[in-house]
Amino acid sequence: MESGEDTVVHLKGCIDVDSSPDVRDRLRAILLKDPLLRSVSVNLADVTSIEASGIATLVESLKVARDRAIRFHLQGHGSVLQLFESAGLLALFDDNSGVKGES
């Protein structure tokens, strides 16, 4: 779902070694399109589980977003988001993660 310069990406199911390449391709296509977006939110509410490859895909997408000064953050609830929080990764995906020079 897209709204102006803000985009929300809804992921669902299991994000594993088989599905993470498709997730990576989808996120890269969104992040690299022109004109530039202001923010991308990845909604994890319907993700049932995520493996290391899925986490790596989201971190890689965060790096692409930062390179393009796009805010990139995670949203949702449940065990998948708690995994990011307990691993200390959720703070990387804050509301200002893509904006250089903002605190």
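If you take OG on S20 and CD on E60, they are separated by 9.5 Å, rounding to the nearest 0.5 Å. With rounding to the nearest 0.5 angstrom, the NZ atom of K63 is 9.5 Å from the CZ atom of R66. Between the SG atom in C14 and the CD atom in E51 there is a gap of 5.0 Å [rounded to 0.5 Å]. The CD1 atom of I50 lies 5.0 Å from the CG atom of L58; values are rounded to the nearest 0.5 Å. Summarising the geometry, atom CG belonging to L83 is positioned 7.5 Å from atom CG belonging to L89; distances are rounded to the nearest 0.5 Å. Here R68 contributes atom CZ and L37 contributes atom CG; the two are 8.0 Å apart, rounded to the nearest 0.5 Å.
Looking at heavy atoms from C-beta onward, V59 lies out of side-chain contact with T57 at the 4.5 angstrom threshold. Residues L11 and V42 are in side-chain contact: their nearest non-hydrogen atoms beyond the backbone lie under 4.5 Å apart. For the pair Q75 and V8, the minimum side-chain heavy-atom distance is below 4.5 Å. In this structure the side chain of I15 never reaches within 4.5 angstrom of the side chain of I55, judged on heavy atoms.
Residues H10 and R26 share a closest heavy-atom pair of O-NH1, 3.4 Å. Minimum heavy-atom separation, L90 to L81: CD1-CD1, 3.8 Å. When all heavy atoms are compared, the tightest approach of V47 to V80 is O-CG2, 3.4 Å. Of all the heavy atoms in N43 and G76, the pair that sits closest is OD1-CA, 4.2 Å. Scanning both residues, V17 and S53, for their nearest heavy atoms gives N-OG, 3.1 Å.
Checked by atom type and distance alone, the side chain of R71 never pairs as donor or acceptor with a backbone atom of V40 at under 3.5 Å. Between the R28 side chain and the S61 main chain, no donor and acceptor come within less than 3.5 Å of each other.
With no hydrogens or angles considered, no side-chain donor-acceptor pair links D22 and S19 at under 3.5 Å.
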Stepwise side chain to side chain contact (heavy atoms under 4.5 Å, CB included) check, V9 with I30: CA-CA 9 Å; V9 179; I30 291 167; 3.5 Å; yes
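The aromatic rings of F84 and F93 stand perpendicular to each other, their planes meeting at an angle above 60°, with 30° marking the opposite boundary.
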